[in-house]
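Reviewing the structure listed below.
Lettering follows sequence order; numbering is per chain, from 1.
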There are 2 protein chains.
Amino acid sequence: MVSQNKQREAGTEAKILNAARKIFQIKGLAGARMQEIADEAGINKAMLHYYYRNKDQLFQAVFSEAVGRIFPIIVQILSYEIPLFDKIRIFVKEYIGILKENPYLPGFVLNEITQHPDKFMELFFDNGIEFPKIFYDDINKAIEKGEIIEIEPLMLLVNIIALCVFPIVAKPVVKGIYNLTEDEYNTFLEKREYEVADFIINSISLKK
Amino acid sequence: MVSQNKQREAGTEAKILNAARKIFQIKGLAGARMQEIADEAGINKAMLHYYYRNKDQLFQAVFSEAVGRIFPIIVQILSYEIPLFDKIRIFVKEYIGILKENPYLPGFVLNEITQHPDKFMELFFDNGIEFPKIFYDDINKAIEKGEIIEIEPLMLLVNIIALCVFPIVAKPVVKGIYNLTEDEYNTFLEKREYEVADFIINSISLKK
DNA sequence: GTCTATATAACGATAGAC
DNA sequence: GTCTATCGTTATATAGAC
């Protein structure tokens, strides 16, 4: 896959991957066209097959990269050894921040996983991604100490991720219905970087 | 002998629409194949073109129906003249319930709107769908009365819908990662029909 | 209305010159 | 490595018999 020759600047392979990332993330595997990717990369269609044998392998490169961008960061932050509420605040801020910079990423990943669950499972477990038990311990300990309400860790985790991810995936819908500009929606998302954490902590906290 | 034409009131057009709904919702516009829809309907491919001129018009029929299923119910429930907290409880229970019965619906609609925002906007406003001001009044009045925290109505609405919709869209992801069966995931969703409302009300309520 | 057969276009992939 | 030209397949869509 990688050029065997000496290192080159602004390699064609990188151009292809950049173009493929853009097109696949927007149009999906079924909707993307090899010609379109070639045009976006500013090179010829045959080059795509030279570097990546076929469409499926090119997609696989983009998809696995996307999975690698969207899941490990969750695992990483949830593994910090800091107080639960701090962890939630950092997670929400960081995660919304990342998704805001890659607005097509979550929709792309969700859709393609729905389309090919098996391909995802391989990728997920082969890369050794594993959701951290420490976060569940955090929650259970906080419940025991009477700091938060009784709630299943998975229930809380899904709530947190839902509040971060959904507004990115539903961006065209909300933008359309409320006739918001790109800037206005980004301002909305920036507010959420803080307010969502408040929303969650308010909900589970027992100290008032 | 009676004419056998009238006896066949199973309706070919309905068969086609049912098949198209199933295939399009799962595979999307780009991924669906006319042949696959014909097979699913148990009829010939040419019939699809006889009743619906082309793929795009067949898709349009499915898509507009889907939009009509997913938005008006929101508007309807949010228009009830009942106390805010009751409204939230009913909304969450009803909406998750509907989506649970149509698990591919929200992902399909979100994805296709992202893909063709303009087509959606026409549909949305042509059908006169409009988000109810009464719900925003509910929220602002509750804030004034000191019943809930200060929160932008749109912020709260997005939170509510996120908590209902996301777990449906992310079903294959969560199911895969946690190795849950279909039944286990449905149990999870049924729990959410009540717990999500608690989560929201806990978060915004000022009375404790 | 429903079918079979076929036209027409689009797409992924390859061959071969340079 | 990069290009042009083209092959083979598949997909949408139409024609025409019944």
Practice item. Tell me what Tyr51(B) touches on the nucleic acid: a base, only sugar-phosphate, or nothing, going by heavy atoms under 4.0 Å. Key: sugar-phosphate
Exercise for review: Mind calculating the distance between NZ (Lys45(A)) and C1' (dT14(C)) to the nearest angstrom?
Suggested key: 10 Å
Practice item. Would you kindly give the CG-to-P distance between Asn54(B) and dA10(C), to the nearest whole Å? Key: 14 Å
Point to revise | Any His49(B) side-chain nitrogen or oxygen under 4.0 Å from OP1 or OP2 of dT14(D) | key: no
Review point. Of the residues in residues 18-44 of chain B, which ones touch DNA chain D at a heavy-atom distance under 4.0 Å?
Key: Ala32(B), Arg33(B), Met34(B)
Revision key, fill the gap. Sorted by chain and number, sequence neighbours left out, side-chain contact (heavy atoms from CB on, under 4.5 Å) with Glu152(A) holds for Met155(A), Lys191(B)
Review point. So which nucleotide from dG1(C), dA13(C), dA13(D) ends up closest to the side chain of Met47(B)?
Key: dG1(C)
Exercise for review: Round to the nearest Å and state the distance from Leu58(B) atom CG to dA11(D) atom P.
Suggested key: 16 Å
Point to revise | Which residues share a side-chain contact (heavy atoms from CB on, under 4.5 Å) with Tyr136(B), sequence neighbours left out | key: Tyr178(A), Phe131(B), Pro153(B), Leu157(B)
Exercise for review: Quick one: which residue pairs count as a side chain to side chain donor-acceptor pair (under 3.5 Å) with a foot in residues 21-32 of chain A, not counting sequence neighbours?
Suggested key: Asn18(A)-Arg21(A), Arg21(A)-Glu65(A), Lys22(A)-Glu40(A), Lys27(A)-Glu36(A)
Point to revise | Thr12(B) side chain, from C-beta outward: closest of dT14(C), dG12(C), dT2(C) | key: dT2(C)
Review point. Can you name the side-chain contact (heavy atoms from CB on, under 4.5 Å) partners of Glu112(B), sequence neighbours left out?
Key: Leu29(B), Phe59(B), Phe63(B), Phe108(B), Gln115(B), His116(B)
Check your understanding: Is there a side-chain contact between Asn140(A) and Ile143(A) (heavy atoms, below 4.5 Å)?
Key -> yes
Point to revise | Qualifying residues under side-chain contact (heavy atoms from CB on, under 4.5 Å), relative to Ile98(B), sequence neighbours excluded | key: Ile73(B), Asn102(B)
Review point. For Phe59(B) and dA11(D), what is the distance between atoms CZ and P respectively, to the nearest whole Å?
Key: 18 Å
Review point. Once you round it to whole Å, what is the distance between P of dA13(C) and CG of Leu48(A)?
Key: 10 Å
Check your understanding: Which one, dT12(D), dT4(D), dA13(C), comes nearest to the side chain of Lys55(B)?
Key -> dT12(D)
